[in-house]
Amino acid sequence: MRADPGVLVVGAGACGLALATELAARGAVTVVDRLPAVGGVLGYEHPAIRRLQARADAARVSWLLATTALRWRGDAALVAGPDGIRWLPARRLVYAGGTRPATATELGIAGARPAGVLAASVALHLLEAGVLLGRRVVVLGGGHGARVVGAHLARQPCHVTSVTAAGEEPLESADEHVSGWRATEIDGRGRVSAVTLAPAPPSGFEARPPQLGAAPPAPAHGPSLRLPCDAVVLAAPCRPLRNVDGAVVPGSAGVTFVQPDGTHASVDDAVAAARAAAAELLAPVAPSPRPLEVRQ
Amino acid sequence: MKVSSPVGEFPFELRAVSVRRRGVRLEGAIGAWPAHVEITLADVRRLVACLLTRSR
(Lines give C-alpha, C1' and ligand atoms only; values in the text may rest on other atoms or scores of the structure.)
Protein backbone atom coordinates (compact mmCIF):
# COMPACT_ATOMS: atom_id res chain seq x y z
CA MET A 1 0.00 0.00 0.00
CA ARG A 2 1.41 3.39 -1.02
CA ALA A 3 1.91 6.05 1.60
CA ASP A 4 -0.33 9.12 1.44
CA PRO A 5 1.70 11.79 -0.38
CA GLY A 6 -0.12 14.45 1.61
CA VAL A 7 -1.30 17.92 0.79
CA LEU A 8 0.75 20.76 -0.63
CA VAL A 9 -0.18 24.25 0.52
CA VAL A 10 1.16 27.06 -1.68
CA GLY A 11 1.62 30.26 0.28
CA ALA A 12 3.00 30.77 3.77
CA GLY A 13 0.92 33.82 4.70
CA ALA A 14 -1.69 33.83 7.44
CA CYS A 15 -4.16 31.84 5.34
CA GLY A 16 -1.62 29.22 4.26
CA LEU A 17 -0.31 28.72 7.79
CA ALA A 18 -3.80 28.30 9.23
CA LEU A 19 -4.79 25.91 6.42
CA ALA A 20 -1.69 23.80 6.89
CA THR A 21 -2.30 23.49 10.63
CA GLU A 22 -5.92 22.41 10.16
CA LEU A 23 -5.12 19.92 7.40
CA ALA A 24 -2.15 18.44 9.29
CA ALA A 25 -4.63 16.81 11.68
CA ARG A 26 -5.46 14.32 8.89
CA GLY A 27 -2.13 13.72 7.19
CA ALA A 28 1.15 15.09 5.94
CA VAL A 29 1.17 18.74 4.87
CA THR A 30 3.97 20.67 3.20
CA VAL A 31 3.92 24.45 2.82
CA VAL A 32 5.71 25.94 -0.20
CA ASP A 33 6.54 29.63 -0.50
CA ARG A 34 8.86 31.43 -2.88
CA LEU A 35 10.00 33.75 -0.09
CA PRO A 36 12.63 32.55 2.40
CA ALA A 37 10.50 33.16 5.49
CA VAL A 38 6.86 32.70 6.45
CA GLY A 39 4.43 35.58 6.81
CA GLY A 40 3.57 36.73 3.30
CA VAL A 41 2.59 40.39 3.18
CA LEU A 42 2.43 40.60 6.97
CA GLY A 43 6.06 39.61 7.47
CA TYR A 44 7.68 37.02 9.70
CA GLU A 45 7.66 39.22 12.81
CA HIS A 46 3.90 39.87 12.90
CA PRO A 47 2.53 38.49 16.20
CA ALA A 48 -0.28 36.62 14.42
CA ILE A 49 2.21 35.02 12.04
CA ARG A 50 4.44 33.94 14.92
CA ARG A 51 1.42 32.32 16.61
CA LEU A 52 0.28 30.60 13.42
CA GLN A 53 3.79 29.36 12.66
CA ALA A 54 4.15 27.94 16.18
CA ARG A 55 0.85 26.08 15.77
CA ALA A 56 1.92 24.76 12.37
CA ASP A 57 5.23 23.58 13.80
CA ALA A 58 3.38 21.86 16.66
CA ALA A 59 1.15 20.14 14.06
CA ARG A 60 4.32 18.88 12.29
CA VAL A 61 3.83 20.82 9.11
CA SER A 62 6.82 20.56 6.74
CA TRP A 63 8.34 23.67 5.17
CA LEU A 64 9.74 24.28 1.71
CA LEU A 65 10.63 27.96 1.84
CA ALA A 66 12.56 29.88 -0.82
CA THR A 67 10.90 27.39 -3.14
CA THR A 68 8.60 28.24 -6.04
CA ALA A 69 5.77 25.96 -7.15
CA LEU A 70 5.92 26.02 -10.95
CA ARG A 71 3.48 23.42 -12.23
CA TRP A 72 0.74 21.07 -10.99
CA ARG A 73 -0.08 17.86 -12.83
CA GLY A 74 -2.83 16.48 -10.56
CA ASP A 75 -0.69 14.21 -8.43
CA ALA A 76 2.54 16.17 -8.00
CA ALA A 77 3.92 19.69 -8.12
CA LEU A 78 7.07 20.80 -9.87
CA VAL A 79 8.98 22.92 -7.37
CA ALA A 80 12.22 24.89 -7.70
CA GLY A 81 14.26 25.80 -4.66
CA PRO A 82 17.77 25.96 -3.27
CA ASP A 83 18.10 22.17 -3.67
CA GLY A 84 17.14 22.20 -7.35
CA ILE A 85 14.00 21.39 -9.34
CA ARG A 86 11.93 18.28 -8.60
CA TRP A 87 8.45 16.79 -8.67
CA LEU A 88 6.87 16.69 -5.24
CA PRO A 89 4.03 14.13 -4.98
CA ALA A 90 0.80 15.38 -3.39
CA ARG A 91 -2.82 14.28 -3.49
CA ARG A 92 -4.09 17.88 -3.47
CA LEU A 93 -2.73 21.36 -4.01
CA VAL A 94 -4.28 24.04 -1.86
CA TYR A 95 -3.52 27.45 -3.29
CA ALA A 96 -3.33 30.24 -0.70
CA GLY A 97 -1.15 32.58 -2.74
CA GLY A 98 -2.92 35.81 -1.83
CA THR A 99 -3.46 38.60 -4.31
CA ARG A 100 -1.63 40.78 -6.80
CA PRO A 101 -2.28 44.32 -8.01
CA ALA A 102 -4.57 44.76 -11.01
CA THR A 103 -2.61 45.70 -14.12
CA ALA A 104 -3.31 48.68 -16.38
CA THR A 105 -4.47 46.26 -19.07
CA GLU A 106 -6.96 44.61 -16.72
CA LEU A 107 -8.29 48.04 -15.83
CA GLY A 108 -8.86 48.83 -19.50
CA ILE A 109 -6.21 51.56 -19.65
CA ALA A 110 -4.68 52.03 -23.09
CA GLY A 111 -1.53 53.83 -24.14
CA ALA A 112 2.17 53.51 -23.41
CA ARG A 113 3.64 52.10 -20.24
CA PRO A 114 6.11 54.87 -19.34
CA ALA A 115 8.03 55.23 -16.08
CA GLY A 116 6.07 56.62 -13.15
CA VAL A 117 3.12 54.23 -13.46
CA LEU A 118 3.23 52.07 -10.36
CA ALA A 119 1.14 49.33 -8.79
CA ALA A 120 0.02 50.34 -5.30
CA SER A 121 2.24 47.69 -3.69
CA VAL A 122 5.35 48.99 -5.49
CA ALA A 123 4.40 52.59 -4.73
CA LEU A 124 4.06 51.70 -1.06
CA HIS A 125 7.51 50.11 -0.94
CA LEU A 126 9.06 53.20 -2.54
CA LEU A 127 7.17 55.52 -0.21
CA GLU A 128 8.30 53.56 2.85
CA ALA A 129 11.88 53.98 1.61
CA GLY A 130 11.33 57.74 1.39
CA VAL A 131 11.25 57.97 -2.41
CA LEU A 132 9.34 60.92 -3.86
CA LEU A 133 6.96 59.39 -6.42
CA GLY A 134 6.33 62.69 -8.21
CA ARG A 135 5.11 66.27 -7.83
CA ARG A 136 1.66 65.59 -9.28
CA VAL A 137 0.45 62.13 -8.39
CA VAL A 138 -2.79 60.56 -9.60
CA VAL A 139 -4.17 57.67 -7.54
CA LEU A 140 -6.55 55.51 -9.56
CA GLY A 141 -9.06 53.58 -7.45
CA GLY A 142 -10.34 53.58 -3.90
CA GLY A 143 -10.20 50.98 -1.18
CA HIS A 144 -7.51 49.71 1.14
CA GLY A 145 -4.47 50.01 -1.18
CA ALA A 146 -5.35 53.57 -2.11
CA ARG A 147 -5.82 54.56 1.55
CA VAL A 148 -2.44 53.16 2.61
CA VAL A 149 -0.63 54.82 -0.29
CA GLY A 150 -2.59 58.04 0.29
CA ALA A 151 -1.50 58.21 3.93
CA HIS A 152 2.15 58.15 2.85
CA LEU A 153 1.62 60.60 -0.01
CA ALA A 154 0.04 63.06 2.42
CA ARG A 155 3.48 63.42 4.04
CA GLN A 156 5.25 64.16 0.75
CA PRO A 157 5.55 67.53 -1.01
CA CYS A 158 3.23 66.60 -3.86
CA HIS A 159 -0.26 67.30 -5.19
CA VAL A 160 -2.47 64.21 -5.08
CA THR A 161 -5.53 63.66 -7.25
CA SER A 162 -7.84 60.79 -6.37
CA VAL A 163 -9.82 59.25 -9.24
CA THR A 164 -12.62 56.90 -8.25
CA ALA A 165 -15.47 55.27 -10.12
CA ALA A 166 -19.06 55.59 -8.95
CA GLY A 167 -19.48 53.63 -5.75
CA GLU A 168 -15.76 53.64 -4.90
CA GLU A 169 -14.65 55.35 -1.73
CA PRO A 170 -12.71 58.57 -2.54
CA LEU A 171 -9.28 59.07 -1.03
CA GLU A 172 -9.87 61.48 1.86
CA SER A 173 -6.25 62.61 2.12
CA ALA A 174 -6.09 63.72 -1.56
CA ASP A 175 -5.85 67.40 -2.54
CA GLU A 176 -8.33 66.93 -5.38
CA HIS A 177 -11.09 64.42 -6.06
CA VAL A 178 -12.49 63.24 -9.37
CA SER A 179 -15.38 60.91 -8.64
CA GLY A 180 -17.42 58.97 -11.17
CA TRP A 181 -14.60 58.78 -13.72
CA ARG A 182 -12.11 56.11 -14.74
CA ALA A 183 -8.77 56.18 -16.55
CA THR A 184 -8.80 55.20 -20.21
CA GLU A 185 -5.33 56.17 -21.38
CA ILE A 186 -1.88 56.98 -20.09
CA ASP A 187 0.33 59.43 -22.00
CA GLY A 188 4.03 60.06 -21.79
CA ARG A 189 7.36 59.43 -23.44
CA GLY A 190 9.90 58.12 -21.02
CA ARG A 191 7.84 59.28 -18.07
CA VAL A 192 4.08 59.58 -17.63
CA SER A 193 2.82 63.09 -18.45
CA ALA A 194 -0.98 62.78 -18.26
CA VAL A 195 -3.93 60.47 -17.65
CA THR A 196 -7.08 60.68 -19.76
CA LEU A 197 -10.35 59.98 -17.96
CA ALA A 198 -13.84 59.09 -19.12
CA PRO A 199 -17.09 58.91 -17.17
CA ALA A 200 -17.15 55.62 -15.30
CA PRO A 201 -19.91 53.14 -16.20
CA PRO A 202 -22.48 52.34 -13.55
CA SER A 203 -21.39 50.57 -10.40
CA GLY A 204 -20.56 46.91 -10.90
CA PHE A 205 -18.87 47.46 -14.26
CA GLU A 206 -15.48 45.88 -14.64
CA ALA A 207 -13.24 46.67 -17.57
CA ARG A 208 -12.48 43.64 -19.68
CA PRO A 209 -8.89 43.03 -20.75
CA PRO A 210 -8.44 42.81 -24.50
CA GLN A 211 -8.73 39.27 -25.88
CA LEU A 212 -6.01 37.84 -28.10
CA GLY A 213 -7.03 38.06 -31.72
CA ALA A 214 -9.95 40.34 -30.96
CA ALA A 215 -10.47 43.58 -32.86
CA PRO A 216 -9.05 46.64 -31.08
CA PRO A 217 -11.61 48.58 -29.07
CA ALA A 218 -13.39 51.38 -30.86
CA PRO A 219 -12.10 54.86 -30.01
CA ALA A 220 -13.96 56.37 -27.12
CA HIS A 221 -16.36 59.20 -27.87
CA GLY A 222 -18.00 61.51 -25.41
CA PRO A 223 -16.64 63.63 -22.61
CA SER A 224 -13.09 63.16 -21.45
CA LEU A 225 -10.82 64.75 -18.94
CA ARG A 226 -7.04 65.07 -19.12
CA LEU A 227 -5.06 65.18 -15.88
CA PRO A 228 -1.40 66.30 -16.22
CA CYS A 229 0.77 64.30 -13.82
CA ASP A 230 4.21 62.78 -13.36
CA ALA A 231 3.20 59.69 -11.37
CA VAL A 232 0.23 57.33 -11.43
CA VAL A 233 -0.62 54.76 -8.75
CA LEU A 234 -2.81 51.84 -9.81
CA ALA A 235 -4.82 51.21 -6.63
CA ALA A 236 -7.83 49.28 -7.90
CA PRO A 237 -8.91 46.22 -5.91
CA CYS A 238 -6.39 43.38 -6.15
CA ARG A 239 -6.84 40.20 -8.16
CA PRO A 240 -6.21 36.66 -6.89
CA LEU A 241 -2.63 35.66 -7.67
CA ARG A 242 -2.47 32.51 -9.82
CA ASN A 243 1.00 31.61 -10.99
CA VAL A 244 1.21 27.83 -10.87
CA ASP A 245 0.75 26.27 -14.30
CA GLY A 246 -2.08 23.73 -14.08
CA ALA A 247 -3.60 25.49 -11.06
CA VAL A 248 -4.86 28.73 -12.56
CA VAL A 249 -8.55 28.35 -13.34
CA PRO A 250 -11.35 27.19 -11.05
CA GLY A 251 -12.02 23.50 -11.52
CA SER A 252 -8.35 22.56 -11.99
CA ALA A 253 -8.04 18.89 -11.01
CA GLY A 254 -6.98 18.38 -7.42
CA VAL A 255 -6.76 22.10 -6.65
CA THR A 256 -8.50 24.19 -4.00
CA PHE A 257 -8.18 27.97 -4.13
CA VAL A 258 -8.45 29.92 -0.89
CA GLN A 259 -7.92 33.57 -1.74
CA PRO A 260 -9.52 36.96 -1.08
CA ASP A 261 -11.96 38.13 -3.76
CA GLY A 262 -10.26 41.52 -4.15
CA THR A 263 -11.43 43.21 -1.01
CA HIS A 264 -8.94 43.72 1.78
CA ALA A 265 -8.78 40.68 4.05
CA SER A 266 -7.69 41.01 7.67
CA VAL A 267 -5.72 38.30 9.46
CA ASP A 268 -8.94 37.12 11.09
CA ASP A 269 -10.65 36.96 7.68
CA ALA A 270 -7.78 34.92 6.26
CA VAL A 271 -7.74 32.51 9.19
CA ALA A 272 -11.53 32.11 9.08
CA ALA A 273 -11.39 31.38 5.33
CA ALA A 274 -8.61 28.87 5.90
CA ARG A 275 -10.58 27.04 8.58
CA ALA A 276 -13.72 27.00 6.42
CA ALA A 277 -11.78 25.61 3.45
CA ALA A 278 -10.06 23.00 5.64
CA ALA A 279 -13.44 21.94 7.02
CA GLU A 280 -14.74 21.46 3.47
CA LEU A 281 -11.69 19.47 2.49
CA LEU A 282 -11.78 17.25 5.56
CA ALA A 283 -15.56 16.75 5.54
CA PRO A 284 -16.92 17.75 2.11
CA VAL A 285 -20.56 17.63 3.18
CA ALA A 286 -20.10 19.97 6.14
CA PRO A 287 -21.50 23.46 5.44
CA SER A 288 -19.27 26.36 6.39
CA PRO A 289 -19.33 30.15 6.33
CA ARG A 290 -17.43 31.78 3.49
CA PRO A 291 -15.95 35.12 4.50
CA LEU A 292 -13.52 34.81 1.60
CA GLU A 293 -13.90 33.20 -1.80
CA VAL A 294 -13.33 29.46 -1.50
CA ARG A 295 -13.40 27.57 -4.76
CA GLN A 296 -12.67 23.93 -5.32
CA MET B 1 19.80 41.00 12.20
CA LYS B 2 17.18 41.94 9.70
CA VAL B 3 17.31 42.56 5.95
CA SER B 4 14.82 44.77 4.13
CA SER B 5 13.90 44.12 0.51
CA PRO B 6 11.17 45.03 -1.99
CA VAL B 7 9.35 41.81 -1.10
CA GLY B 8 9.47 42.29 2.66
CA GLU B 9 11.74 42.05 5.66
CA PHE B 10 13.59 38.85 6.48
CA PRO B 11 15.77 37.63 9.32
CA PHE B 12 19.52 37.28 8.81
CA GLU B 13 20.67 34.48 11.07
CA LEU B 14 24.41 34.62 11.74
CA ARG B 15 26.03 31.16 11.79
CA ALA B 16 29.77 31.74 11.43
CA VAL B 17 32.36 34.49 11.22
CA SER B 18 35.73 34.19 9.54
CA VAL B 19 38.57 36.70 9.27
CA ARG B 20 40.09 36.88 5.81
CA ARG B 21 42.91 38.76 4.18
CA ARG B 22 40.56 41.38 2.75
CA GLY B 23 38.24 41.64 5.75
CA VAL B 24 35.58 39.78 7.71
CA ARG B 25 33.04 37.31 6.26
CA LEU B 26 29.73 36.67 8.00
CA GLU B 27 28.11 33.35 7.04
CA GLY B 28 24.43 32.87 7.66
CA ALA B 29 21.00 32.56 6.16
CA ILE B 30 18.24 34.95 5.13
CA GLY B 31 15.42 32.66 6.16
CA ALA B 32 15.87 29.64 3.89
CA TRP B 33 18.36 31.40 1.59
CA PRO B 34 22.04 30.74 2.33
CA ALA B 35 23.75 34.12 2.46
CA HIS B 36 26.97 35.83 3.46
CA VAL B 37 28.19 39.36 4.07
CA GLU B 38 31.73 40.48 3.38
CA ILE B 39 33.05 43.51 5.21
CA THR B 40 36.29 44.94 3.82
CA LEU B 41 38.54 47.67 5.13
CA ALA B 42 36.88 50.12 2.71
CA ASP B 43 33.49 49.29 4.27
CA VAL B 44 34.86 49.98 7.74
CA ARG B 45 36.16 53.36 6.55
CA ARG B 46 32.72 54.21 5.11
CA LEU B 47 31.01 53.04 8.27
CA VAL B 48 33.22 55.26 10.44
CA ALA B 49 32.70 58.19 8.04
CA CYS B 50 28.91 57.73 8.23
CA LEU B 51 29.00 57.56 12.03
CA LEU B 52 31.14 60.69 12.27
CA THR B 53 28.86 62.56 9.85
CA ARG B 54 25.83 61.57 11.84
CA SER B 55 27.35 62.61 15.19
CA ARG B 56 28.03 66.17 13.96
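What's counted below: heavy atoms across the whole structure, side chains too, no hydrogens, waters or symmetry copies. First the proteins, then the strands, lettered A, B, ... as listed; each starts at 1. Note that this is a predicted model, so its numbers are computed, not measured.
Summarising the geometry of Ala32(B) relative to Ala66(A), their closest heavy-atom pair is CB-CB, 3.8 Å, with the distance given to 0.1 Å. Scanning both residues, Ile30(B) and Pro36(A), for their nearest heavy atoms gives O-CB, 3.1 Å.
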Donor-acceptor table for chain A and chain B, threshold 3.5 Å:
{"residue": "Pro36(A)", "atom": "O", "partner": "Ala32(B)", "partner atom": "N", "Å": "2.9"}
{"residue": "Glu45(A)", "atom": "OE1", "partner": "Lys2(B)", "partner atom": "NZ", "Å": "2.7"}

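Ranked by heavy-atom pairs under 4.5 Å with chain A, the list Pro34(B), Ala29(B), Gly31(B) is led by Gly31(B). In terms of heavy-atom pairs under 4.5 angstrom with chain B, the leader among Leu126(A), Leu65(A), Leu35(A) is Leu35(A).
Every residue two or more places apart in sequence or in another chain that forms a side chain to side chain donor-acceptor pair (under 3.5 Å) with Arg91(A) is listed here: Asp4(A).
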